Amino acid sequence: MTNTDLGLEVIPRPERSKSRDGLIFVIAMWLLSRSIMAIGMQVIPHLVCKK
């Protein structure tokens, strides 16, 4: 543990792997794109086919 100037002890974080960060990014982008597609599929037909 490391002491700071304020006398607080700081516990160092374990290093995160870059592959894990990349996987989280890919999953987040996939979910975001699927959400946009699902919303678009619900909204666009109402805008195009006004009866």
Side-chain angles (χ1 to χ4, degrees):
M1 290 192 214
T2 308
N3 290 328
T4 64
D5 293 337
L6 300 173
L8 302 172
E9 290 187 34
V10 178
I11 301 172
R13 286 185 177 177
E15 291 189 27
R16 293 168 54 175
S17 70
K18 290 184 180 181
S19 63
R20 179 175 172 235
D21 289 344
L23 181 62
I24 291 171
F25 176 77
V26 169
I27 291 171
M29 290 299 109
W30 183 83
L31 287 172
L32 179 64
S33 69
R34 298 298 107 193
S35 300
I36 291 171
M37 291 297 293
I39 292 169
M41 290 171 63
Q42 297 296 318
V43 172
I44 289 174
H46 296 289
L47 297 174
V48 174
C49 300
K50 292 184 179 180
K51 291 182 180 179

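Because the structure is predicted, anything quoted here is derived from the model rather than measured. Here, residue 1 is the first one in the sequence, and each next residue gets the next number.
Shown here for P45 and G40, the closest heavy-atom pair between the two residues is CD-O, 4.0 Å.
The environment of CE in M37 is sparse: at most 12 heavy-atom neighbours from other residues, nucleotides or ligands sit within 6.0 Å.
Among pairs with a residue in residues 22-32, none fulfils salt bridge (Lys or Arg N to Asp or Glu O under 4.0 Å), at least two apart in sequence or across chains.
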Distance-only check: which donor-acceptor pairs under 3.5 Å involve side-chain atoms of residues 20-27, not counting sequence neighbours?
| unit_1 | atom_1 | unit_2 | atom_2 | d |
| --- | --- | --- | --- | --- |
| D21 | OD1 | R16 | NE | 3.3 |
| D21 | OD1 | R16 | NH2 | 2.8 |

